[in-house]
Colleague: 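My questions all concern the structure below.
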Number of protein chains: 2
Amino acid sequence: MLLQQYNLKVTPQRLEIVKILQEKGHLNIDELYTLLQKKFPTLSLATIYKNINKMCENFFVSEVKVPNQKNVYELTKKEHSHIVCSQCGTILDVDIDTLELNHKAQEVSHYKIDRSSIIFNGICPQCLKNK
Amino acid sequence: MLLQQYNLKVTPQRLEIVKILQEKGHLNIDELYTLLQKKFPTLSLATIYKNINKMCENFFVSEVKVPNQKNVYELTKKEHSHIVCSQCGTILDVDIDTLELNHKAQEVSHYKIDRSSIIFNGICPQCLKNK
DNA sequence: CTAAATGCAAAGCATTTGCAAATAT
DNA sequence: ATATTTGCAAATGCTTTGCATTTAG
């Protein structure tokens, strides 16, 4: 199982967290809590915090900081960017090659750049229709 | 004065906030508080929060969300990106043209993209030297 | 003169911690 | 068998609110 490879013991609660993240993609703590409670009515917020923190430390999960929203969490995958709908808040993954971009930033800044995270801001097709 | 154009009354405290932001570029709430107290020993954290919040609402100041750091604030200027040193935390502004990038994201996603914020992660020249 | 800003204390949330019991390996 | 995880309650920490006083326009 995936979890073990990240030094995380496999518990029912964690399995459910993984399942939810797989299905929904990006969730904040409260959304996770609400969904998890359906299956584990006694599950406490503290457990979620402990788990998500540990999963982030171990790079099994990644935190995404979105403007004007609570932080959301996703299963760590191949580097990618995010598009946020400023209307409805939906977050979409998108594959954008950032190599060239990183190079440019490196030239300009003389920093040694190894990663970049991009958040695009726009309006999703659904919200565009509803206007 | 700048502040008035953003519907912000000019107070000594605010002037000092502006001055500090101009000089230091990016600061979190606590750093601002520490610096402001030098000039205004009675100044309260609540005042800073109120001011920064108002300044953000009025787009006079912008919030920057940095991975693994507290949010920092800067005077709103022409769109630009940020480079964060993963060693010492220093944040640098950098001018990167994002037009092409936004186009690409728009094509891939079918969102109507109007802005993007990029955070580069790397090591600053200073920290590179100290190795 | 009026509306807004300041500073204090208190309130409100979000997150973390400590600990006993339960669980995974 | 041991170390980790869970869930609860309590503690901490960060941010906001209410209110009386002061200040800006």
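Atom set for the values below is all heavy atoms of this structure, side chains included, hydrogens, waters and symmetry mates excluded.
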Colleague: For B/Lys54 and D/dT16, give me the distance from atom NZ to atom P, rounded to whole Å.
Modeller: 15 Å
Colleague: Would you mind reading off the bend of the helix from C/dC1-D/dG25 to C/dT25-D/dA1 from its two end axes, five pairs each, to 10 degrees?
Modeller: 50°
Colleague: Looking across every strand, which nucleic acid part, if any, lies under 4.0 Å from B/Thr47 by heavy atom: base, sugar-phosphate, or nothing?
Modeller: base
Colleague: What is the distance, to the nearest angstrom, from the CG atom on B/Leu3 to the C1' atom on D/dA24?
Modeller: 12 Å
Colleague: Using 0.5 Å steps for rounding, measure from the OG atom of B/Ser62 to the NZ atom of B/Lys77.
Modeller: 8.0 Å
Colleague: What one-letter contact string describes nucleotides 10-19 of chain C from 5' to 3', where B marks a base within less than 4.0 Å of any protein heavy atom, S marks contact via sugar-phosphate atoms alone, and - marks no contact?
Modeller: ----SSBBBB
Colleague: Whole angstrom is fine here: how far is it from CD in B/Gln37 over to P in C/dG7?
Modeller: 10 Å
Colleague: Give a yes/no answer on whether the side chain of A/Asn51 brings an N or O atom under 4.0 Å of OP1 or OP2 in D/dT5.
Modeller: no
Colleague: Taking transitive links into account, so neighbours of neighbours count too, which hydrophobic residues share a cluster with B/Leu99 at under 4.5 Å side-chain distance?
Modeller: none
Colleague: Any link between A/Val84 and B/Val66 through a network of hydrophobic side chains (Ile, Leu, Val, Met, Phe, Trp, Tyr) touching at under 4.5 Å?
Modeller: no
Colleague: Let me know the distance between CZ of B/Phe40 and P of D/dT23, rounded to the nearest Å.
Modeller: 12 Å
Colleague: When the distance from CG of B/Leu43 to C1' of C/dC8 is rounded to whole Å, what number comes out?
Modeller: 12 Å
Colleague: Do the side chains of A/Phe120 and A/Ile118 get nearer than 4.5 Å, heavy atoms only?
Modeller: yes
Colleague: Using a cut-off of under 3.5 Å, enumerate the N/O to N/O pairs linking the protein to nucleotides 20-24 of chain C.
Modeller:
{"unit_1": "C/dA24", "atom_1": "O3'", "unit_2": "A/Val10", "atom_2": "O", "d": "3.4"}

Colleague: Do side-chain atoms of B/Arg14 reach the backbone of B/Lys9 as a donor and acceptor pair under 3.5 angstrom?
Modeller: yes
Colleague: Measure the distance from CG on B/Leu36 to C1' on C/dT6 and round it to the nearest whole Å.
Modeller: 13 Å
Colleague: Just grab all the side-chain hydrogen bond (donor to acceptor under 3.5 Å, both in side chains) pairs involving residues 99-109 of chain B, residues at least two apart or on different chains.
Modeller: B/Asn102-B/Ser116
Colleague: According to ring pair (Phe, Tyr, Trp, His ring centres under 6.0 Å), does anything in residues 51-85 of chain B pair up with another residue at least two apart or in another chain? List the pairs.
Modeller: B/Tyr6-B/Phe60, B/His26-B/His82, B/His80-B/His82
Colleague: Could you state the atom-to-atom distance from CD1 of B/Ile48 to P of D/dC14 in whole Å?
Modeller: 13 Å
Colleague: Does B/Lys112 use its side chain to pair, donor to acceptor, with the backbone of A/Cys124 at less than 3.5 Å?
Modeller: no
Colleague: Measure from the side-chain N and O atoms of B/Thr98 to the backbone N and O of B/Leu101, and report whether any donor-acceptor pair falls under 3.5 Å.
Modeller: no
Colleague: Determine, step by step, whether B/Leu27 and B/Glu74 satisfy the side-chain contact (heavy atoms from CB on, under 4.5 Å) criterion, reporting the C-alpha distance in whole Å, the side-chain angles of both residues, the deciding distance to 0.1 Å, and the verdict.
Modeller: CA-CA 7 Å; B/Leu27 294 165; B/Glu74 65 183 9; over 6 Å; no
Colleague: Would you find a donor on one side and an acceptor on the other, under 3.5 Å apart, between the side chain of B/Thr47 and the backbone of B/Leu43?
Modeller: no
Colleague: CG of A/Leu15 versus P of D/dT5: gap in Å, rounded?
Modeller: 13 Å
